**Student:** 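Just passing along the structure, written as structure tokens.
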Amino acid sequence: MQEITNQILTGERAAFASHDVRFVQCVFEDGESPIKESSDIEAIRCSFRFRYPLWYSKNILVKDSEFTETERAGIWYTENLTLEHCQIDGVKNFRRCRKVTLHDCILTKAEETFWSCEEIILERCKIEGAPYIFCGSKKVIVRDCEIDGNYAFDTCEDVEIENCVIHTKDAFWNCKRVNVKNSTIYSQYIGWNSEDVTFEHCHIESNQGFCYMKHITLKDCELDHTDLCFEYCEDVDAEVTTVIDSVKNPYSGRIKAKGIGELILDPDAGIDPKKTEIITL
């Protein structure tokens with residue numbers, strides 16, 4: 001593997017179509033698409049400071065590096081990419097990528113990030129400023145992460161989340177096959193229009209959460225400050241260890257809770273109260 005060390009690379013396509021190259025302590029600035037159309041690349045302790053550094057690339061490893069605020073839309077259409085111990089300050093990163101893994105990374109302005117990607121793994125990452133993160137992505141695994149940004153995981157499929165803290169509005173809308181374990185989620189209107197969603201051992205706070213859903217499961221979960229939930233949901237299977245503020249017009253299923261502050265089952269709303277079993281302890 002060729003090694004390029006301690007270089008400042010400027011100008012458009014400064015290292016275009018590089019193959020089998022290790023960049024060490026290099027700076028990519030003042031020029032678009034520096035490593036576009038590349039393959040088998042390592043970037044160690046590098047700084048990416050301009051637009052579109054890694055487009056249409058394959059087999060990329062980036063370690064101990066930074067993507068500055070002036071870098072944007074940095075990684076699109078790229079496959080088999082790993083980032084370790086990196087800080088990403090640019091917006092609109094990771095678009096239509098496949099097989100992406102991030103370990104111990106910080107994303108400070110993750111606006112429009114991870115859109116329409118597939119096979120994503122994030123571990124021990126901190127993500128801030130992240131509206132619509134993961135929008136339209138499939139096969140997403142997120143472990144031991146913190147995420148702050150509204151509308152997370154919209155229109156996603158096959159999502160696994162474990163040991164995470166998520167602050168967001170309208171999480172998990174229009175999703176299919178989502179499993180969340182041992183996590184804390186603060187989200188108004190969580191889960192609308194989704195199906196096959198399971199929360200296990202989670203703490204959740206939501207205003208009017210879990211509505212218009214099919215096959216929604218809660219196992220050993222805490223629902224604090226959660227009201228008007230399960231409206232027009234089919235096949236609810238909820239075991240809640242706390243008092244639910246209010247439950248409104250589920251279509252069918254079973255809801256078991258420590259208590260329900262207000263139970264609304266209104267036949268005039270098109271529901272059959274007999275199709276939902278309510279158990280309070």
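All values reported here derive from a predicted model rather than from experimental measurement.
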**Student:** Ser47 and Glu66: side-chain donor and acceptor closer than 3.5 Å?
**Tutor:**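 Ser47 vs Glu66: donor-acceptor pair found between side chains.
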**Student:** For the residue pair Leu218 and Phe210, establish whether any side-chain heavy-atom pair is separated by less than 4.5 Å.
**Tutor:**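 Yes - at least one pair of side-chain heavy atoms lies under 4.5 Å apart.
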**Student:** If you take all heavy atoms of Tyr151 and Thr168, which pair is closest and at what distance?
**Tutor:**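 Closest pair (atom of Tyr151, atom of Thr168, distance): N-OG1, 3.0 Å.
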**Student:** Between the side chain of Thr280 and the main-chain N/O of Ala257, is any donor-acceptor distance below 3.5 Å?
**Tutor:**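 No, because the side chain of Thr280 does not come within donor-acceptor range (under 3.5 Å) of the backbone of Ala257.
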**Student:** If we ignore angles and hydrogens, is there a donor and acceptor under 3.5 Å between the side chains of Thr82 and Thr101?
**Tutor:**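 No - no donor-acceptor pair under 3.5 Å links their side chains.
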**Student:** Mind listing the closest non-hydrogen atom pair of Lys169 and Ser187 along with its distance?
**Tutor:**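 Here Lys169 and Ser187 meet closest at C-OG, 3.9 Å.
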**Student:** Look up atom CZ in Arg13 and atom OH in Tyr52, then write down how far apart they are to the nearest 0.5 Å.
**Tutor:**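 Answer for the CZ-OH pair, Arg13 versus Tyr52, is 12.5 Å.
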**Student:** So Asp235 and His215, side chain to side chain donor-acceptor pair (under 3.5 Å) or not? Walk me through it.
**Tutor:** CA-CA 5 Å; Asp235 192 21; His215 315 303; 2.7 Å; yes
**Student:** Apply side chain to side chain contact (heavy atoms under 4.5 Å, CB included) to residues Ser18 and Ile41 and explain how you reach the verdict.
**Tutor:** CA-CA 8 Å; Ser18 292; Ile41 298 296; 3.9 Å; yes
**Student:** If you round to the nearest 0.5 Å, how far is OH of Tyr56 from OG1 of Thr78?
**Tutor:**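 Separation between the atoms: 9.5 Å.
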**Student:** For Ile8, does the CD1 atom have more than 12 heavy-atom neighbours from other residues, nucleotides or ligands under 6.0 Å away?
**Tutor:**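 Incorrect, the count does not exceed 12.
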**Student:** Show, in sequence, the C-alpha distance, side-chain angles and deciding distance for Ser38 and Ser57, and conclude whether the side chain to side chain donor-acceptor pair (under 3.5 Å) test is met.
**Tutor:** CA-CA 5 Å; Ser38 58; Ser57 297; 2.9 Å; yes
**Student:** Okay, side chain of Thr242, backbone of Leu223: is any donor-acceptor separation there less than 3.5 Å?
**Tutor:**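 Between the backbone of Leu223 and the side chain of Thr242 there is a qualifying donor-acceptor contact (under 3.5 Å).
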**Student:** Find out if a path of hydrophobic residues (ILVMFWY) with successive side-chain heavy-atom gaps under 4.5 Å connects Val140 to Val165.
**Tutor:**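 Looking at the clustering, Val165 is in a separate group from Val140.
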**Student:** For atom CZ of Arg177, is the number of surrounding heavy atoms from other residues, nucleotides or ligands below 6.0 Å larger than 12?
**Tutor:**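 Atom CZ in Arg177 is packed in, count exceeds 12.
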**Student:** Step by step, work out the side chain to side chain donor-acceptor pair (under 3.5 Å) result for His103 and Glu84.
**Tutor:** CA-CA 5 Å; His103 296 294; Glu84 299 178 1; 5.0 Å; no
**Student:** When hydrophobic residues are tied together by side-chain contacts of less than 4.5 Å, even through go-betweens, does Trp173 share a cluster with Leu228?
**Tutor:**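 No, it is not one cluster - the side chains of Trp173 and Leu228 are not joined through contacts under 4.5 Å.
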**Student:** Is there a side-chain contact between Glu123 and Asp144 in this structure, where contact means two heavy atoms from C-beta onward sitting under 4.5 Å apart?
**Tutor:**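 No, their side chains stay 4.5 Å or more apart.
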**Student:** With side chain to side chain contact (heavy atoms under 4.5 Å, CB included) as the criterion, how do Asp154 and Asp170 come out once you've worked through the C-alpha distance, each side chain's angles and the decisive distance to 0.1 Å?
**Tutor:** CA-CA 8 Å; Asp154 188 280; Asp170 303 354; over 6 Å; no
**Student:** Closer than 4.0 angstrom, basic N to acidic O: yes or no for Arg98 and Glu119?
**Tutor:**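 Counted as a salt bridge, because a side-chain N and a carboxylate O are separated by less than 4.0 Å.
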**Student:** If we only count heavy atoms from C-beta on, is the Ile161 to Phe153 side-chain gap below 4.5 Å?
**Tutor:**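 Answer yes - side chains close enough.
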**Student:** When you measure from the side chain of Thr241 to the backbone of Cys221, do you find a donor-acceptor pair of N or O atoms at a distance under 3.5 Å?
**Tutor:**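 Yes.
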**Student:** Side chains of residues 190-199: which donor-acceptor pairs under 3.5 Å do they make with residues two or more places apart or in other chains?
**Tutor:**
unit_1, atom_1, unit_2, atom_2, d
Trp192, NE1, Gln208, O, 2.9
Ser194, OG, Phe172, O, 2.6
Ser194, OG, Asn174, N, 3.1
Ser194, OG, Cys175, N, 2.7

**Student:** I want to check something: taking the side chain as every heavy atom from C-beta on, are Asn163 and Arg143 in contact at a cut-off of under 4.5 Å?
**Tutor:**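 No, too far: nothing below the 4.5 Å cut-off.
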**Student:** Can you check whether Thr113 reaches Ile88 side chain to side chain, under 4.5 Å on heavy atoms?
**Tutor:**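 A side-chain contact under 4.5 Å is absent here.
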**Student:** Roughly how far apart are Tyr132 OH and Glu111 CD, rounded to 0.5 Å?
**Tutor:**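 So the OH of Tyr132 and the CD of Glu111 are separated by 11.5 Å.
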**Student:** Among Phe67, Phe48, Phe50, exactly one meets side-chain contact (heavy atoms from CB on, under 4.5 Å) together with Phe28. Which residue is that?
**Tutor:**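 So the option named by the test is Phe48.
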**Student:** Are Tyr189 and Ile204 in one and the same hydrophobic cluster, where Ile, Leu, Val, Met, Phe, Trp and Tyr link if side-chain heavy atoms are under 4.5 Å apart?
**Tutor:**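 Same cluster.
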**Student:** Just verifying a value: how many Å separate Ile106 CD1 and Glu128 CD, rounded to the nearest 0.5 Å?
**Tutor:**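 Output value for this atom pair is 8.0 Å.
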**Student:** Does a side-chain N-to-carboxylate-O contact under 4.0 Å join Asp104 and Arg124?
**Tutor:**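 Between Arg124 and Asp104 there is a salt bridge, with a charged N closer than 4.0 Å to a carboxylate O.
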**Student:** Taking the side chain as C-beta and beyond, is there a heavy-atom pair between Val180 and Cys202 under 4.5 Å?
**Tutor:**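 Yes, their side chains come closer than 4.5 Å.
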**Student:** Identify the heavy atoms of Cys117 and Ser137 that sit nearest to each other, and give their distance.
**Tutor:**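 The pair with the smallest heavy-atom distance is N-OG, 2.9 Å.
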**Student:** Could you grab the distance from atom CD of Gln87 to atom OG1 of Thr108, nearest 0.5 Å is fine?
**Tutor:**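 Reported to 0.5 Å precision, the distance equals 5.5 Å.
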**Student:** Is Tyr212 linked to Leu265 within one hydrophobic cluster, defined over Ile, Leu, Val, Met, Phe, Trp and Tyr using a side-chain heavy-atom separation of less than 4.5 Å?
**Tutor:**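 Per the 4.5 Å side-chain linkage, Tyr212 and Leu265 are co-clustered.
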**Student:** Hey, does the side chain of Ser65 reach the backbone of Cys46 with a donor-acceptor pair shorter than 3.5 angstrom?
**Tutor:**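 At least one qualifying donor-acceptor pair exists.
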**Student:** If you define the side chain from C-beta out and look only at heavy atoms, does anything of Tyr251 sit under 4.5 Å from Lys275?
**Tutor:**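 No, every pair of side-chain atoms sits at 4.5 Å or beyond.
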**Student:** Give the cluster check for Val243 versus Ile255: same hydrophobic cluster or not, with ILVMFWY residues linked at side-chain heavy-atom distances below 4.5 Å.
**Tutor:**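 Cluster IDs for Val243 and Ile255 differ.
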**Student:** Keeping the roles fixed (side chain from Thr70, backbone from Arg49), state whether a donor-acceptor pair exists under 3.5 Å.
**Tutor:**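 Such a contact is found between Thr70 side chain and Arg49 backbone.
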**Student:** So which atom in Cys26 and which in Ile4 form the shortest heavy-atom distance, rounded to 0.1 Å?
**Tutor:**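 Closest pair (atom of Cys26, atom of Ile4, distance): SG-O, 3.3 Å.
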**Student:** Quick one: pull up NZ in Lys126 and CG in Asp148 and give me the separation to the nearest 0.5 Å.
**Tutor:**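 These two atoms lie 9.0 Å from each other.
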**Student:** Looking at Asp158 and Lys138, does any basic side-chain N land under 4.0 Å from a carboxylate oxygen?
**Tutor:**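 Salt bridge absent between Asp158 and Lys138.
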**Student:** Under 3.5 Å, side chain of Asp220 to main-chain N/O of His201, donor-acceptor pair present?
**Tutor:**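 No, the answer is negative, given that no donor and acceptor are paired below the 3.5 Å cut-off.
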**Student:** Can you run down the salt bridge (charged side-chain N to carboxylate O under 4.0 Å, His left out) pairs that involve residues 244-261, sequence neighbours left out, and say none if there aren't any?
**Tutor:**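 Every salt bridge (charged side-chain N to carboxylate O under 4.0 Å, His left out) pair that includes a residue of residues 244-261, provided the two are not neighbours, is Glu231-Lys248, Asp237-Arg254, Glu239-Arg254.
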**Student:** So with a 6.0 Å cut-off around NZ of Lys139, is the heavy-atom count from everything else above 12?
**Tutor:**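 No - once you tally the heavy atoms of other residues, nucleotides and ligands closer than 6.0 Å, there are 12 at most.
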**Student:** Between Leu122 and Ile127, is the side chain to side chain contact (heavy atoms under 4.5 Å, CB included) condition met? List the steps.
**Tutor:** CA-CA 10 Å; Leu122 271 68; Ile127 302 171; 3.5 Å; yes
**Student:** Please check if atom CD in Gln188 has more than 12 non-hydrogen atoms from other residues, nucleotides or ligands closer than 6.0 Å.
**Tutor:**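 Check passes, neighbour count above 12.
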**Student:** For Leu102 and Leu107: C-alpha separation, side-chain torsions, deciding distance, then whether side chain to side chain contact (heavy atoms under 4.5 Å, CB included) applies.
**Tutor:** CA-CA 10 Å; Leu102 272 65; Leu107 290 76; 3.9 Å; yes
**Student:** For Asn6 and Gln25, does a side-chain donor sit closer than 3.5 Å to a side-chain acceptor?
**Tutor:**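 Note: Asn6 and Gln25 side chains meet the donor-acceptor criterion.
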**Student:** Between Asn59 and Asn80, is there a side-chain donor-acceptor contact under 3.5 Å, judged purely by atom types and distance?
**Tutor:**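 There is such a pair (donor and acceptor under 3.5 Å, judged by atom type) between the side chains of Asn80 and Asn59.
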**Student:** Taking the basic N atoms (NZ, or NE/NH1/NH2) and the acidic carboxylate oxygens, is any pair closer than 4.0 Å for Glu112 and Arg95?
**Tutor:**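 Arg95 and Glu112: salt-bridged.
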**Student:** I need the minimum non-hydrogen distance between Gly90 and Asn93, along with the two atoms involved.
**Tutor:**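 Distance-wise, the nearest heavy atoms are O-ND2, 3.1 Å.
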**Student:** Quick check: does any side chain N or O of Trp76 sit under 3.5 Å from a backbone N or O of Lys92, one acting as donor and the other as acceptor?
**Tutor:**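 Yes: the side chain of Trp76 pairs with the backbone of Lys92.
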**Student:** If you take all heavy atoms of Ala73 and Trp55, which pair is closest and at what distance?
**Tutor:**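 Closest heavy-atom pair between Ala73 and Trp55: O-NE1, 2.8 Å.
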